[in-house]
Amino acid sequence: QDGTVKVMREGGLQQVSIYDLVVGDVVHLEAGDTIPADGVLASGHNVLVDESSMTGESDSVRKTPEHPFMIGGCQILEGLCTMLVSQVGVHSECGKISTLLQRESEDTPLQTKLVKVAEVIGKGGLLAAILTFLILSIRFSINT
């Protein structure tokens with residue numbers, strides 16, 4: 001996709017950048033398009049969507065008035081439709097996932113315990129090295 005979508009604004013269709021979409025825009029989509037934002041199917045014919053990138057489900061989903069929710073980032077496989085944009089940016093499902101992935105995670109209890117074990121091993125190794133040096137230094141002093 002080239003980064004633009006057909007949007008109904010000011011009484012006519014306009015090519016708009018996907019970054020300029022706002023909640024309430026009516027977007028026209030067809031086979032091969034990537035859904036630019038989260039939304040609700042307003043109208044359409046034979047709309048089949050590949051949601052595997054967001055849900056992990058390998059089966060394509062047929063969009064109907066009973067199942068109208070469109071997830072941004074998914075691919076339109078068949079059909080034509082118009083969609084009412086309901087969420088954009090960090091408020092969309094894709095945006096929420098991106099935010100979660102960027103947040104630093106806290107250490108788990110296992111990681112905390114492993115850090116403590118590594119410190120004990122490091123201190124033990126340092127102590128062994130010092131003792132070895134002292135013993136070998138004393139031995140060298142006695143032999144000369």
Side-chain angles (χ1 to χ4, degrees), residues 1-140:
Q1 190 175 4
D2 59 0
T4 62
V5 290
K6 296 175 195 166
V7 177
M8 181 69 74
R9 286 189 183 166
E10 300 174 8
L13 278 179
Q14 298 179 5
Q15 287 288 116
V16 175
S17 169
I18 59 174
Y19 302 107
D20 294 332
L21 285 176
V22 294
V23 173
D25 276 342
V26 176
V27 179
H28 292 266
L29 299 167
E30 56 190 45
D33 288 346
T34 299
I35 301 171
D38 292 352
V40 179
L41 179 70
S43 66
H45 176 70
N46 200 26
V47 181
L48 189 64
V49 178
D50 176 14
E51 294 182 347
S52 63
S53 61
M54 292 299 291
T55 64
E57 294 289 329
S58 60
D59 294 336
S60 301
V61 179
R62 179 102 25 219
K63 295 299 174 180
T64 63
E66 291 81 30
H67 301 285
F69 300 105
M70 313 270 282
I71 302 172
C74 297
Q75 197 79 19
I76 304 286
L77 299 176
E78 291 179 8
L80 300 166
C81 69
T82 57
M83 175 189 87
L84 177 65
V85 175
S86 63
Q87 295 176 327
V88 295
V90 295
H91 302 291
S92 68
E93 292 303 313
C94 191
K96 290 175 187 174
I97 291 171
S98 295
T99 301
L100 287 174
L101 291 175
Q102 291 174 357
R103 190 171 31 160
E104 285 189 33
S105 61
E106 296 178 12
D107 286 345
T108 64
L110 176 61
Q111 289 171 323
T112 304
K113 288 179 183 179
L114 287 174
V115 166
K116 289 179 183 176
V117 168
E119 288 174 359
V120 169
I121 291 172
K123 289 176 183 176
L126 180 62
L127 181 63
I130 290 170
L131 283 174
T132 303
F133 176 76
L134 288 174
I135 291 170
L136 289 176
S137 294
I138 292 169
R139 185 173 173 197
F140 178 75

Sub-4.5 Å side-chain heavy-atom contact between Lys6 and Gln14: no
Minimum heavy-atom separation for Met8 to Gly11, with atom names? SD-C, 4.0 Å
Output for pair (Met83 CE, Lys63 NZ), nearest 0.5 Å, gives 11.0 Å
Would you kindly say whether Thr34 and Gln75 are connected by a side-chain donor-acceptor distance under 3.5 Å? yes
What's the separation between atom CG in Leu136 and atom CG in Leu131, rounded to the nearest 0.5 Å? 10.5 Å
Carefully, step by step, assess Ile35 and Leu29 under the rule side chain to side chain contact (heavy atoms under 4.5 Å, CB included). CA-CA 8 Å; Ile35 301 171; Leu29 299 167; 4.2 Å; yes
Using the side chain to side chain contact (heavy atoms under 4.5 Å, CB included) rule, take Val22 and Arg9 through it: C-alpha gap first, then chi angles, then the decisive distance, then the call. CA-CA 11 Å; Val22 294; Arg9 286 189 183 166; 4.1 Å; yes
To the nearest 0.5 Å, atom CG of Leu80 lies from atom CG of Asp33 at 9.5 Å
Heavy-atom closest contact (Val85 atom, Val27 atom, distance): CG2-CG2, 3.6 Å
For Gly72, is there any backbone N or O sitting under 3.5 Å from a side-chain donor or acceptor partner on Asp38? yes
Greater than 12 external heavy atoms within 6.0 Å of Lys113's NZ: no
Could you pull out the closest heavy-atom pair between Gly73 and Ser53, with the gap in Å? O-OG, 3.6 Å
Would you mind writing out the side-chain donor-acceptor pairs for residues 41-48 within the sub-3.5 Å range, not counting sequence neighbours?
from, atom 1, to, atom 2, distance (Å)
Ser43, OG, Thr82, OG1, 2.7
Asn46, OD1, Arg62, NH1, 2.6

Go through the steps to decide whether Met70 and Cys81 satisfy the test side chain to side chain contact (heavy atoms under 4.5 Å, CB included), and finish with yes or no. CA-CA 11 Å; Met70 313 270 282; Cys81 69; 3.8 Å; yes
For residues 114-138, which residue pairs pass the salt bridge (charged side-chain N to carboxylate O under 4.0 Å, His left out) check, not counting sequence neighbours? none
Considering non-hydrogen atoms only, spot the tightest contact between Gln111 and Asp107 and give its length. OE1-CA, 3.2 Å
Residue pair His67 / Val61, side-chain heavy-atom distance below 4.5 Å: no
Roughly how far, to the nearest 0.5 Å, is CG of Leu21 from CD of Gln87? 13.5 Å
Hey, could you give me the CG/OG1 distance between Leu127 and Thr132, rounded to the nearest 0.5 Å? 9.0 Å
Would you check if the side chain of Asp50 reaches a backbone N or O of Ser52 as a donor-acceptor pair within less than 3.5 Å? yes
